[in-house]
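Working notes for the structure below.
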Amino acid sequence: MFNRELLIAYQLLFMCSQGLAADSADTTANQAVMMAKSESIKIEQLADIYELMKHANFDKAEKALEQLYQKDRQVLPLWVALLTELERFDRLRELVDEGILDPGDDSAVLALAYKNRSAPTLEFVAPQGQIPLESHFLVTLPRAEVQINGKTFYFVLDTGASTNVITQRVADTLSIVADKRHQVSIDTATDNEVFAQVAILPSFRLGPAELRNQAAVIVDNESLEQRILGFNWYQLDGIIGWPVLKKMDLSFNFAEMTLAIQQPMKKTWKIPNLVWLFDDPMVLTHSREKGSLLWFLDTGAMHSQVTERYLVRHAIDNLEWKSKQFSGLGGKGKEEKTANLESIKFDFPSAKVNVEDIEVRVDHEDCKYSLCDGRIGVDIGNNRIMNIDFYNGLFDVWEIKQ
């Protein structure tokens, strides 16, 4: 279990370094200060590591975390998370052998699945390409047709998924048999705890990219089904998650329902605004009133949302609250307190995007490793182009020229 006090200390460092902390009246920041003071690890110990993460110097950050671990064992979850993101499976197995990492830890289980197996790769057979997105009038998520071993499947492209996902039906069709020892827990849109087995996918293409030895978790068929009166009306065979999407330059055109995929190339004329914080991609935007805001980038969410932190920072307290039951992997969750804001304006490098009737969700811990202001869903890209280029740390949205 991640040490909450250490987490809050790190989050406070992030907020202050980016200008995210509000004024002294911001009770969330004040609470973080109090909790950080009671924690044995000092915020200053993480300052250099944060700067490395901010500038995508992940190799140096990993070495710094390893050194810091020798002084304070509480940074182990951060170190392990970064090793997993960098796909350092050999090192993770070494930590297990050294008795540092529990063999039942999700990262350890993933590393075990790659023992005596090549690491996942993504190779561009062409510098760029375009694929259609499958539209549906009720589900606006970016869904693509994928061919694996001559079979056709439909996958949602989800930056909010920390791993790839396939249904048991897909595993059976492709004759994938998972080792029962390789079982991990899955974060869901609710508080339900879901466990799944890890498998390695056969090679497949996504536009100009050839993917090999990609890990996926196998879930029950019902977990990804949308049913009305017993009829599954939305075919979804799996999810292509952040480990794959972060390696491509993606431009979603939600007006024409196409996805342009390019091999990332170095860009130096834009200021980075897309960061990775130990398990989630985060977008930084700017508010004239409250400074920088931090958003969880989740293309697996149809609707953008704000958290309680956003309400506190903007002194919003006159909402009409109601109860709502959310669904996700593992079924329906508990009823949560929600409300709606009339609109929010997002300030991206190429466009100011106004999202109306945005949902407030305060009971669900959306951002585990950061005090974010909310999440960015695909409604940001309605009738626009949305670009995700993690190689250069860039997220942008622009209007489609008529």
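Just so it is clear, the values below take in all heavy atoms, side chains as well, and ignore hydrogens, waters and symmetry mates.
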Does atom CD (Glu98) have a neighbourhood of more than 12 heavy atoms from anything else shown, all under 6.0 Å?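 Atom CD in Glu98 is crowded, with more than 12 foreign heavy atoms closer than 6.0 Å.
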Is atom CD of Gln70 surrounded by more than 12 heavy atoms (other residues, nucleotides or ligands) closer than 6.0 Å? yes
If I take atom CD from residue Gln263 and atom CE from residue Met248, how far apart are they, to the nearest 0.5 angstrom? 12.0 Å
Classify the angle between the aromatic ring planes of [X] and [Y] as parallel (below 30°), tilted (30 to 60°) or perpendicular (above 60°).
X: Trp242; Y: Phe390; value: perpendicular
X: Phe348; Y: Phe346; value: parallel
X: Tyr310; Y: Trp295; value: tilted

Quick one: does any side-chain atom of Asp158 pair with a main-chain N or O of Gly300 as donor and acceptor, under 3.5 Å? yes
Aromatic Phe89 / basic Arg91 pairing, under 6.0 angstrom, 45° off normal: no
I want to check a possible cation-pi pair here: Arg143 against Tyr154, using under 6.0 Å from ring centre and within 45° of the ring axis as the test. yes
Looking only at non-hydrogen atoms, find the nearest pair between Leu294 and Cys372 and report the distance.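 In this case the closest contact between Leu294 and Cys372 is O-CB, 3.4 Å.
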Test Ile388 against every option in Thr299, Leu157, Val283 by the side chain to side chain contact (heavy atoms under 4.5 Å, CB included) rule and name the one that passes. Thr299
Applying side chain to side chain contact (heavy atoms under 4.5 Å, CB included) between Asn392 and each of Lys266, Lys270, Met265, report the one that passes.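 By the side chain to side chain contact (heavy atoms under 4.5 Å, CB included) criterion, Asn392 pairs with just one of Lys266, Lys270, Met265: Lys266.
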Test item: Asn387 and Val397 side chains (from C-beta on) under 4.5 Å apart, heavy atoms: no
Hey, are the side chains of Ile49 and Lys60 touching, using non-hydrogen atoms and a 4.5 Å cut-off? no
Verdict with supporting geometry, Ser350 and Asp396, side chain to side chain donor-acceptor pair (under 3.5 Å): CA-CA 7 Å; Ser350 299; Asp396 203 359; 2.5 Å; yes
